[in-house]
Amino acid sequence: MEHLFITDLDGTLLQSNGFLSMESEEVLNQLATTKHKIGFATARGLTSAQQVIQQIQWNFPVLLNNGAVIYDWQKEKILKINGIEQDVVQTIIALGREHGISPLIFTLNEHFEEGIYYQERPSKGLQYFMAMRPRDPRFIEVNHLHQVAETWDTQGLVVMFIDDYETLVPLKLYLQEHAGNQVKCLLLQDQYIPDQFVLEISSATATKEHGIAYLMQEYAMKPEQVHLFGDNLNDLGMLALPANTYAVSNAHPAILAQAQHVIPSNDQSGVAQTIQSIVTQEDKR
């Protein structure tokens, strides 16, 4: 039987240092030469994902920006985009302005050129985020986000605020109440920035679970063929799909409770070890 493996990246497949282990690289590239399929579902955009997993020959479409983009890695082709409506982006910018903060806005144009727009004098959390990505050409500073967003010829994928928990909770609650049918809000502690939380806002249909369900239907994959791996709250919906589901042992408690199986941690190459075990058992049949 052909198997499909889809894994989250940060905190799941990648080690705590943000990179692949040699063991994971070897197992995944070997898998890519077989009948089995390997893909990933991440909050990262294409440029950011390429920096850490470019060396893997992904032979199944991948989900970027938490499912806002479905991308064929081998053909270098966009299969589907679920962006945020322009008026909703304006509402989010205005809401942030009321609370004295501005976001990063991740965009994608028709030439598949990524942009990350930000307003001058960004928050401490956004500064830290950008400092971790020095000389990244995607960053575009503007004087007033709301003015640029009115006229840009690009698609907003994700709006991201990085700040302390108390600042972000009112934004999340307001959006859930007033725009819950249009956007999905994820509030979680940042994995790399100390004492900061991330509020990620995307289209209500731009989720990992929507993207994977779409791909399962398109490729006629049965639940028993599909294996999903995650660690954080943005993986909850994905791990609720009819499939074989796995949480690395370092996962958020809610993920540990949701998944059918708990496997070794990301720093122990748990995803790669589990995939290798499944494939080895399959080969013995």
Could you tell me which residues satisfy side chain to side chain donor-acceptor pair (under 3.5 Å) with Thr274, sequence neighbours excluded, listed by chain and number? none

Pairwise side chain to side chain donor-acceptor pair (under 3.5 Å) hits with a residue in residues 72-87, at least two apart: none

Side chain to side chain donor-acceptor pair (under 3.5 Å) against Gln276, all qualifying residues, sequence neighbours excluded: Thr280

Listing, residues 139-147 side-chain donor-acceptor contacts under 3.5 Å, not counting sequence neighbours, or none:
{"from": "Glu141", "atom 1": "OE1", "to": "Tyr118", "atom 2": "OH", "distance (Å)": "3.1"}
{"from": "His146", "atom 1": "ND1", "to": "Arg97", "atom 2": "NH1", "distance (Å)": "3.4"}

Which residue pairs satisfy the salt bridge (charged side-chain N to carboxylate O under 4.0 Å, His left out) criterion with at least one member in residues 33-49, sequence neighbours excluded? Asp10-Arg44

For Asp163, the salt bridge (Lys or Arg N to Asp or Glu O under 4.0 Å) test, sequence neighbours excluded, returns none

For residues 211-220, run the donor-acceptor check on the side chains, cut-off 3.5 Å, and write out each pair with its distance to 0.1 Å, sequence neighbours left out.
none

Taking only residues two or more places apart in sequence or in another chain, which ones pass salt bridge (Lys or Arg N to Asp or Glu O under 4.0 Å) with Asp231? none

Set of ring pair (Phe, Tyr, Trp, His ring centres under 6.0 Å) partners for Tyr128, sequence neighbours left out: none

Residue list, salt bridge (Lys or Arg N to Asp or Glu O under 4.0 Å) with Glu282, at least two apart or on another chain: Arg285

Would you please name every residue forming a salt bridge (Lys or Arg N to Asp or Glu O under 4.0 Å) with Asp190, sequence neighbours left out? none

For His227, what residues pass the side chain to side chain donor-acceptor pair (under 3.5 Å) criterion, not counting sequence neighbours? His3, Tyr246

